[in-house]
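First comes the structure, then the notes that go with it.
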Amino acid sequence: MARISVLTSFLLLLLSPFVHLAPTPGSLQKVSDFGSNPTNVGMYIYVPKKLADKPGIVVAIHYCTGSAQSYYSGSPYSQLSETYGFVVIYPSSPHSGTCWDVSSKASLTHNGGGDSNAIANMVTWAITQYSADTSKVFVTGSSSGAMMTNVMAAAYPEMFAAGIAYSGVPAGCFVSTSGGVDAWNNSCANGQVNDTPQQWANVVDNMYPSYNGTRPKMQIYHGSSDATLLPNNYKETMKQWCGVFGYSYDSPASTKQNTPQSQYTTTTYGPMVQGIYATGVGHTVPIHGSQDMQWFGFTT
Ligand SMILES: *[C@@H]1O[C@H](CO)[C@@H](O)[C@H](O)[C@H]1NC(C)=O
Ligand SMILES: *[C@@H]1O[C@H](CO)[C@@H](O)[C@H](O)[C@H]1NC(C)=O
């Protein structure tokens with residue numbers, strides 16, 4: 001009996017690099033088995049050295065041509081996590097060119113089995129692994145990652161308390177009517193899709209028709225000189241979230257010039273929806289880490 005358990009411990013020791021171990025704090029780590037992952041999205045995680053008790057989770061989603069590693073080194077979230085104690089999840093796109101799939105029915109549907117589903121499964125894994133505070137789960141991203149941020153907020157509203165999209169398009173705007181996965185949508189990118197707030201809200205509702213609970217508050221950044229995802233996408237995204245929350249797109253609650261910095265205009269439509277339009281800024285608007293911490297409620 002004793003010999004068997006010694007043998008067992010020895011075998012476990014040998015196998016330990018391969019069995020499921022908690023990621024090491026203070027560096028970017030790959031997580032292999034986080035749950036169902038039909039589109040083979042990569043999961044990377046940053047656990048701060050000073051992890052909070054019941055930590056928050058920030059999902060930080062990379063741009064086209066990017067990766068978990070490039071967004072980890074090119075965004076402030078891992079450093080901020082050392083101050084605020086949250087876990088950062090960096091998903092990595094599996095597609096060639098590594099834009100996210102924000103065009104297929106699967107990815108644009110709650111539990112539809114696409115990239116968005118894989119990212120939601122990463123969040124579920126991390127909530128359990130770190131006994132996270134489920135009221136402090138957030139999503140953000142740049143460009144293709146901003147498109148995915150809007151999709152995550154639309155398709156998994158129960159999961160997120162807030163989202164911040166840097167230079168994306170409305171959820172569902174990149175839809176491929178022929179069912180293309182990870183397809184580019186020229187009419188959306190070029191700012192030729194114009195819908196009403198109600199039409200955009202319907203696009204969101206159709207991603208999770210049975211849902212009637214609370215939804216994440218959304219903050220949207222876009223540059224006036226964006227030549228990749230034309231600035232009309234800013235208007236359309238604001239219309240979308242105004243439609244979802246029942247705010248008036250035409251008469252916002254407040255508009256502040258030169259906020260949070262010179263040449264940026266912050267428009268608040270209601271407590272849950274804010275847009276920040278950056279005059280003269282191209283693709284993409286730089287990440288505003290300390291403002292992000294405010295929107296997520298880590299600072300006041
Ligand atoms: C692009 O998206 C719009 C909706 O935003 C849709 O009407 C259009 O058919 C899509 N284009 C393609 C080629 O699927
Ligand atoms: C929301 O959905 C639940 C479950 O389907 C249902 O029991 C409840 O009545 C719904 N609430 C509203 C306000 O529609």
Side-chain angles (χ1 to χ4, degrees), residues 38-39 61 63-65 93-110 112-117 119 139-157 163-209 211 215-216 218-247 249-250 269 273 275 277 282-285:
T39 61
I61 311 178
Y63 43 85
C64 277
T65 77
S93 158
H95 306 288
S96 72
T98 68
C99 300
W100 291 98
D101 174 21
V102 286
S103 62
S104 75
K105 180 83 179 152
S107 208
L108 297 177
T109 303
H110 179 77
D115 291 358
S116 61
N117 203 160
I119 295 172
V139 58
T140 185
S142 300
S143 190
S144 183
M147 299 183 194
M148 184 56 99
T149 294
N150 284 319
V151 168
M152 293 308 296
Y156 297 89
I164 302 173
Y166 285 98
S167 307
V169 303
C173 192
F174 249 51
V175 67
S176 166
T177 46
S178 58
V181 173
D182 181 32
W184 188 260
N185 184 307
N186 263 322
S187 50
C188 179
N190 295 340
Q192 290 153 355
V193 177
N194 294 289
D195 279 355
T196 64
Q198 190 55 55
Q199 286 171 317
W200 280 124
N202 292 345
V203 170
V204 170
D205 282 341
N206 287 338
M207 294 189 196
Y208 190 1
Y211 188 71
R215 292 180 182 273
M218 298 302 293
Q219 190 178 56
I220 309 300
Y221 284 85
H222 214 100
S224 73
S225 302
D226 194 324
T228 306
L229 302 174
L230 267 69
N232 191 52
N233 280 298
Y234 174 70
K235 286 189 195 167
E236 299 304 306
T237 310
M238 299 330 300
K239 282 197 248 169
Q240 179 166 64
W241 295 117
C242 282
V244 165
F245 286 102
Y247 300 152
Y249 171 73
D250 296 312
Y269 295 89
V273 181
Y277 196 59
H283 195 73
T284 60
V285 176

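Computed from heavy atoms alone, side chains included, the values below leave out hydrogens, waters and symmetry copies. Atoms within a ligand are numbered from 1 in the order they appear, just like the ligands themselves.
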Within the distance-only criterion (no hydrogens, no angle test), does the side chain of S187 pair as donor or acceptor with the backbone N or O of Q192 below 3.5 angstrom? no
Among all residues two or more places apart in sequence or in another chain, which pass the disulfide (SG to SG under 2.5 Å) test with C188? C173
The answer, listing residues by chain and number that come under 4.0 Å of ligand 1 through any heavy atom, is C173, V175, S176, T177, N185, S187, V193
Is there a side chain to side chain contact (heavy atoms under 4.5 Å, CB included) between M218 and V244? Walk through the geometry before answering. CA-CA 11 Å; M218 298 302 293; V244 165; over 6 Å; no
Has H95 got a side-chain atom pairing as donor or acceptor with V181's backbone, closer than 3.5 angstrom? no
Using the test side-chain contact (heavy atoms from CB on, under 4.5 Å), find all partners of S96 that sit at least two apart in sequence or belong to another chain. none
Tell me which pairs pass side-chain hydrogen bond (donor to acceptor under 3.5 Å, both in side chains) where either residue lies in residues 145-156, with sequence neighbours left out. N150-W241
